[in-house]
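The next block holds one structure in the form of structure tokens; read it before the comments.
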Amino acid sequence: MSKSLSHKIAPAPMPKEISVVDLIDSYFTAYNSARLREICHLLSREVMREGVTVGLTLSGAMTPAGFGVSVLAPLIRNGMIDYIISTGANLYHDMHYGLGLDLFASNPFVDDVKLRQEGRIRIYDIVFDYDVLLETDAFIRELLRSEPFQKRMGTAEFHYLLGKYVSEVEKRRGVQHPCLLSTAYECGVPIYTSSPGDSSIGMNVAALALEGSKLVLDPSLDVNETAAIAYGARNSDLPGVEGKSAAVIIGGGSPKNFLLQTQPQIHEVLGLEERGHDYFIQITDARPDTGGLSGATPTEAVSWGKIDPNELPSTVVCYTDSTIALPILTAYVTNQCPPRPLKRLYDRREELLEQLRQDYITAQQADRELVSSVASTPTSEKREPIATYPCGTPIHKSQR
């Protein structure tokens, strides 16, 4: 039997004391525990290298459970996340911790009618006062009325500014463990939201628009910036080291698509290289057979050009609860991998975007010149005309 397809299961009694590495390596033997082991190995052995740009997507209620502070912020500080695409809700609830507002562990079987009467909110087994929302909203509104926010911007700049002011609040409060937003600000990790209107943050932005606020969140800026990051990942800036791109997907939903669509944006729409992400790692509880994006497999993503077909062995999907998997894989990689230098991609956005813009314009010009040269060729020498899509990408014969 091929060694690549087999791993001898050699069970041994579990000792009373065991490290997380030994637990995963020796006792996560099959089914989704084995997939989680494969993710830990892929991350620690291949992804967490200096030449790999790591994009993480975040959906599901991760930050209300405290994972923004306890799990994601340490990964950011260790240089293991280079950019993030998150639901707005995760960033909103992350701010509660930065502002010193309390959330409590409860159980999922409480009386919701009574909670409503008492002015409390429930997220499954997490409970907090309604005032937590109102105080967070008040902080956001006061902040968004200030001059730095009175313009059109992408969500990376928007979240960078939010993180800056949340960080100032944390420092005044003497917070020892900063939240996700402020950590990303400190480390230059850009955070994008694929649906900026779909959260309490977006709701407050919309409310201020009724007052005449000039703040406009422009999704087109985000589409081009994230594509520029994925495109720039091909250049590691390290002598002799090939740049690679990794997609680490927690959950699914819109953030997953927003990260994966960077590759079709590069080749399908902009007419540049076609390659796909080199690594695809997903934690999900969604089924693939319903046709939804959340459960779509990496093999399906290959057909869209989102994943490099030559890198399918570097793709793993683990079907489990993200709240179980995320702390485990974080403990594993931070134990096994030295910190990586911070890429500070937020500071490089304009540089990366300009490179994408110049290559796009050059490709467009080359396509136009090619079509023009064919059109000007004498009739006796003319070859079949080169058809192109509106974006300038040549139409292959198999597509006509």
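From a predicted model like this one, the values you see are computed outputs, not experimental measurements.
A salt bridge is defined here as a Lys NZ or Arg NE, NH1 or NH2 lying under 4.0 Å from an Asp or Glu carboxylate O, and Asp237 with Arg348 meets this definition. A salt bridge links Arg357 with Glu354: the closest approach of a Lys/Arg side-chain nitrogen to an acidic carboxylate oxygen falls below 4.0 angstrom. A salt bridge links Lys151 with Glu157: at least one charged nitrogen is closer than 4.0 Å to a carboxylate oxygen. Taking 4.0 Å as the cut-off between side-chain N and carboxylate O, Asp82 and Arg344 do not count as a salt-bridged pair. A salt bridge links Asp278 to Arg234: one of the charged nitrogens lies within less than 4.0 Å of a carboxylate oxygen. Of the charged side-chain nitrogens involved, at least one lies within less than 4.0 Å of a carboxylate oxygen, so that Glu211 and Arg145 count as a salt-bridged pair.
For Asp125 and Asn107, the side-chain atoms include no donor-acceptor pair closer than 3.5 Å. For the residue pair Asn235 and Gln355, no side-chain donor N or O sits within less than 3.5 Å of a side-chain acceptor on the partner. Looking only at atom types and distance, the side chain of Asp359 has no donor-acceptor partner in the side chain of Thr362 under 3.5 Å away. In this model, no donor atom of one side chain and acceptor atom of the other lie less than 3.5 Å apart for Ser236 and Glu50.
For Tyr31, the OH atom sits in a loose shell: 12 or fewer heavy atoms of surrounding residues, nucleotides or ligands are nearer than 6.0 Å. Heavy-atom neighbours of Glu142 CD from other residues, nucleotides or ligands within 6.0 Å: at or below the threshold of 12.
Taking the centre and axis of the six-membered ring of Tyr346, the NZ or CZ atom of Arg349 falls inside the cone set by 45° and 6.0 Å.
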Assess whether side chain to side chain contact (heavy atoms under 4.5 Å, CB included) is satisfied between Leu72 and Leu326, documenting all intermediate values. CA-CA 9 Å; Leu72 297 173; Leu326 189 54; 4.1 Å; yes
CA sep, side-chain torsions, deciding dist, call: Asp112, Arg122, salt bridge (charged side-chain N to carboxylate O under 4.0 Å, His left out): CA-CA 8 Å; Asp112 288 293; Arg122 180 171 72 91; 2.6 Å; yes
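Cluster membership check: Leu56 shares its hydrophobic cluster with Val333, using side-chain heavy-atom separations under 4.5 Å among Ile, Leu, Val, Met, Phe, Trp and Tyr.
The ring pair (Phe, Tyr, Trp, His ring centres under 6.0 Å) analysis of residues 55-95, with sequence neighbours excluded, yields the pairs Tyr92-His96, His93-His96.
Remark: Phe158 pairs with Phe149 by the ring pair (Phe, Tyr, Trp, His ring centres under 6.0 Å) rule, at least two apart or across chains.
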